[in-house]
Enquirer: 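Below is a structure I'd like to ask you about.
Everything numeric here is computed off the predicted structure, so don't read it as measured data. Just so we're on the same page: letters track the sequence lines, and every chain starts at 1.
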2 protein chains.
Amino acid sequence: MPDRPTSRDVARLARVSRTTVSLVLNNVPDVHISPETRQRVLEAARQLNYYPDASARRLVSGKTSTIALVWHRGPDQMYRDAFLPGLLQGATRAARRYGYYILFRPIEPDEPDDAWVELARGRHTDGLILSGPRSDDTALLDLHREGFPLVLHGQLPGADIPSVDVDNEQGAMTAVRHLLALGHRRIGMITNAPLAYTASRQRLEGYRRALEEAGLPFDADRVRYGNFDEESGRQAMESLLSLEERPTAVFIASDMVAIGALRALREHGLRAPEDMAIVGFDDIATARYLTPALTTVHVPAFGLGWGAAELLIRIIEGDLPNETQVRLETQLVVRESCGAHVR
Amino acid sequence: MPDRPTSRDVARLARVSRTTVSLVLNNVPDVHISPETRQRVLEAARQLNYYPDASARRLVSGKTSTIALVWHRGPDQMYRDAFLPGLLQGATRAARRYGYYILFRPIEPDEPDDAWVELARGRHTDGLILSGPRSDDTALLDLHREGFPLVLHGQLPGADIPSVDVDNEQGAMTAVRHLLALGHRRIGMITNAPLAYTASRQRLEGYRRALEEAGLPFDADRVRYGNFDEESGRQAMESLLSLEERPTAVFIASDMVAIGALRALREHGLRAPEDMAIVGFDDIATARYLTPALTTVHVPAFGLGWGAAELLIRIIEGDLPNETQVRLETQLVVRESCGAHVR
DNA sequence: ACGTGTTACTGACACGTGTTAGTATACACC
DNA sequence: GGTGTATACTAACACGTGTCAGTAACACGT
């Protein structure tokens, strides 16, 4: 590999100082350089195919122009993978727009939870997007207190760290309202995950509020708990089917879990939506291709990624928005499993 | 934000020179430092919570310890997104293992095709994985000629650039052999994409060879061309159904295309596998949840990512393997759509 | 003729680290 | 007692850039 040209080489070729090269190539405003010289520098740079060295630039400017997306893998791995392409595309598009690069850093289950800290402390990045944060992470709180730019994807109750998430409660309410509007009165629910997860509590709360709004009692007997995967949905539905008074509709707060629930129905010779109406949550790629096609609450993965990156970059550049807790709206996607189209 | 500690601060606190700090913290071999001093330095670093500055380190060492994954978006965007989580996880895991970071850089359709070149020329990364390369990319050939470490995901016929890909031809042969073993003799094919794509040609060739092997003639009348998406599959199947002698089985070289084809069958009141056996290719996440569950050729996305990263890192570190064209094996996943379980 | 301001540049420092060449001391060997 | 060698460190350079302070040349108004 031949030696890379440096700004010194460009300067030599254009017969100016290195300073002038820097001033011209960076288009520094309010500086007087004659058009001829300017032209000579540009020509020399072109001729040598000169690209400034990123490391040197980072060092002297103190800016890495990089943000990291930290992706915690855990029991919800498969669930979260469904949003990765959209989220990543949103984040990279926003980053690109503001001149930032994206460093992708998954944290595997066998790594310490704070393995990402070196990215911040070692100045690898100007800021971090943390997806799937844990509240017991003291390193996280420390960094935030020191003023290091952070944005969470998901929520951490109790801390005022900037975050981007979907409005889970509203989403769940929309789903249940839809079932109510279709005439259902015995509506069950299967959560997406145990209630230790904030999103689970919020979706459950949305279900409760929608019932309340319709003047229906909340009955804990009609609620089962999913655990991210298909199998948990199958078991939960099994359990609901053994009730004396079976619900006529079930809101399932995760599409993956709903897939298992639908399988349980089939195994019992029951059909959706005729025997039981189903509404899911997430709108994973598979949802539209299921039989019956799953009515579900769409989560805007691209928007979450974009929002997180944009918020983070604003914080980095000191342009603090007055609202740092961003909640995106969901959208109900009506397909077949709710029965809206059969009547 | 309080001033970050530097190695000078650590040196001062431990009452040694900055050199000694560097030697101790980097565990430089064959250097004599007394155990007491060593301990003092480590303690000082711990106390100050010192992390070395990544930019400075990069500049002086000439190594970025970063590899970029360049992700071309194009007409096949949806198709390729299906593999992103697996590929990315494989690549990051391998990178991590060797101490590298991953920079993710999608190239949007509205960007110039060689927008990624600055990553190499500007020394942002030590090497690149290019996914979805275009053969008309002269910048690519230039960089390769200059010895810049590159690995392609996918193939570029004619150039000897290191690459990692799936063995498309073998995969297709396995699929068609399976249909042959089930007794089918009139087997059609729908390609995954136009023949301008290398993978399409290879999968078609696998189909042809499997027929030949069984002593059956290749009949171009039974071949239709998909174009990545569902709709192209629907149309292709429509066309096959209008044949006088309908095939009894169809090998569809892309699951997304197969989804459209299955829809066409349903629209005609036909059932798979009873009226027509189907085998797909890719094993996207949705495949197992379709009705009927799609028999398909599994593409090891994780392995592709891992393989690409590992190969690239070896090249970067000058440890050239003798085979730089890596072809991973596929695996046939037998589900319902092929009819293997009904007989 | 003289001060003032503008134009067009340049010299030198700083960023924080890894590393090479070198120094001072202690110790062993004949 | 001198020579050689291992030990335990350090001073100084280099990486390639952005930028501040400074300088020389020249125009302009009085």
Enquirer: Answer yes or no: is there a side-chain heavy-atom contact under 4.5 Å between B:Y100 and B:I316?
Expert: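 Heavy-atom side-chain distance check passes, below 4.5 Å.
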Enquirer: Where along residues 42-53 of chain A does a heavy atom come under 4.0 Å from DNA chain C, residue by residue in number order?
Expert: none
Enquirer: Got a donor-acceptor contact below 3.5 angstrom from the B:D126 side chain to the B:K63 backbone?
Expert: no
Enquirer: Using only heavy-atom distances, determine whether the side chains of B:N49 and B:R4 contain a donor-acceptor pair under 3.5 Å.
Expert: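 Note: B:N49 and B:R4 side chains miss the donor-acceptor criterion.
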Enquirer: Pick base, sugar-phosphate or nothing for B:S22, based on heavy-atom distances below 4.0 Å to the nucleic acid.
Expert: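 It contacts base atoms.
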Enquirer: Hey, does B:R58 reach any base, or is it just sugar-phosphate, or nothing, if we go heavy atoms under 4.0 Å?
Expert: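 No contact at all - B:R58 keeps every heavy atom at 4.0 Å or more from the nucleic acid.
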Enquirer: For the pair B:S7 (side chain) and B:R18 (backbone), establish whether a donor and an acceptor sit closer than 3.5 Å, ignoring hydrogens and angles.
Expert: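 Not at all, since once roles are kept as given, no pair shorter than 3.5 Å links the two residues.
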Enquirer: Of all the heavy-atom pairs spanning B:R80 and B:G132, show the shortest one and how long it is.
Expert: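 Closest pair (atom of B:R80, atom of B:G132, distance): NH2-N, 3.6 Å.
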Enquirer: For A:R58 and A:T66, test the side chains for any donor-to-acceptor distance below 3.5 angstrom and give the result as yes or no.
Expert: yes
Enquirer: Between which nucleotides of DNA chain D, 5' to 3', does chain B make heavy-atom contacts below 4.0 Å?
Expert: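 For DNA chain D, the relevant span reads D:dT7 to D:dG16.
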Enquirer: Tell me which residues in residues 27-38 of chain B lie within less than 4.0 Å of DNA chain C, going by non-hydrogen atoms.
Expert: none
Enquirer: Verify whether one side chain among A:S163 and A:Q325 offers a donor that lies under 3.5 Å from an acceptor in the other.
Expert: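 The answer is yes; a qualifying pair exists.
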Enquirer: What distance do B:L69 atom CG and B:R105 atom CZ have between them, rounded to the nearest 0.5 Å?
Expert: 12.0 Å
Enquirer: Would A:T19 and A:S22 count as a side chain to side chain donor-acceptor pair (under 3.5 Å) here? Give the steps.
Expert: CA-CA 5 Å; A:T19 305; A:S22 176; over 6 Å; no
Enquirer: In terms of the nearest nucleotide of DNA chain D, which residue is placed more toward the 5' end: B:R15 or B:S61?
Expert: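 Taking each residue's closest nucleotide, the earlier one in sequence belongs to B:R15.
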Enquirer: Between B:L25 (CG) and C:dG18 (P), how many Å, whole number?
Expert: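 Going from CG in B:L25 over to P in C:dG18 covers 8 Å.
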Enquirer: Is DNA chain D part of any stem, that is, at least 3 consecutive Watson-Crick or G-U pairs with both distances under 3.5 Å, and where?
Expert: C:1-30 with D:1-30
Enquirer: With no hydrogens and no angle check, just 3.5 Å: does a side-chain donor-acceptor pair link A:T20 and A:R38?
Expert: no
Enquirer: Between B:L59 and B:S17, just flag the one whose closest nucleotide in DNA chain D comes earlier from the 5' side.
Expert: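 Closer to the 5' end of DNA chain D: B:S17.
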Enquirer: Might you list the N or O atoms of the protein lying below 3.5 Å from N or O atoms in nucleotides 26-28 of chain C, with each pair's distance?
Expert:
none

Enquirer: So, taking the atom named OG in A:S17 and the one named CZ in A:R12, what distance separates them when rounded to the nearest 0.5 Å?
Expert: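 Atom-to-atom, A:S17:OG and A:R12:CZ are 13.0 Å apart.
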Enquirer: Hey, does A:T19 reach any base, or is it just sugar-phosphate, or nothing, if we go heavy atoms under 4.0 Å?
Expert: base
Enquirer: Would you please classify the geometry between the B:W71 ring and the B:F104 ring as parallel, tilted or perpendicular, with 30° and 60° separating the classes?
Expert: tilted
Enquirer: Taking 4.0 Å as the cut-off, does a side-chain nitrogen or oxygen of A:T20 come that near to OP1 or OP2 on C:dC9?
Expert: no
Enquirer: Applying ring-ring contact (aromatic ring centres under 6.0 Å, His included), can you list everything that pairs with B:F83, at least two apart in sequence or on another chain?
Expert: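 For B:F83, the residues satisfying ring-ring contact (aromatic ring centres under 6.0 Å, His included) (neighbours in sequence not counted) are B:Y79.
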Enquirer: Say whether B:R123 and B:T64, considering side chains only, have a donor N or O and an acceptor N or O under 3.5 Å apart.
Expert: no
Enquirer: Do we see a donor-acceptor contact under 3.5 Å between the side chains of B:Y98 and B:E310?
Expert: yes
Enquirer: Please determine if B:R40 and B:E43 form a salt bridge, counting it only when a charged side-chain N lies under 4.0 Å from a carboxylate O.
Expert: no
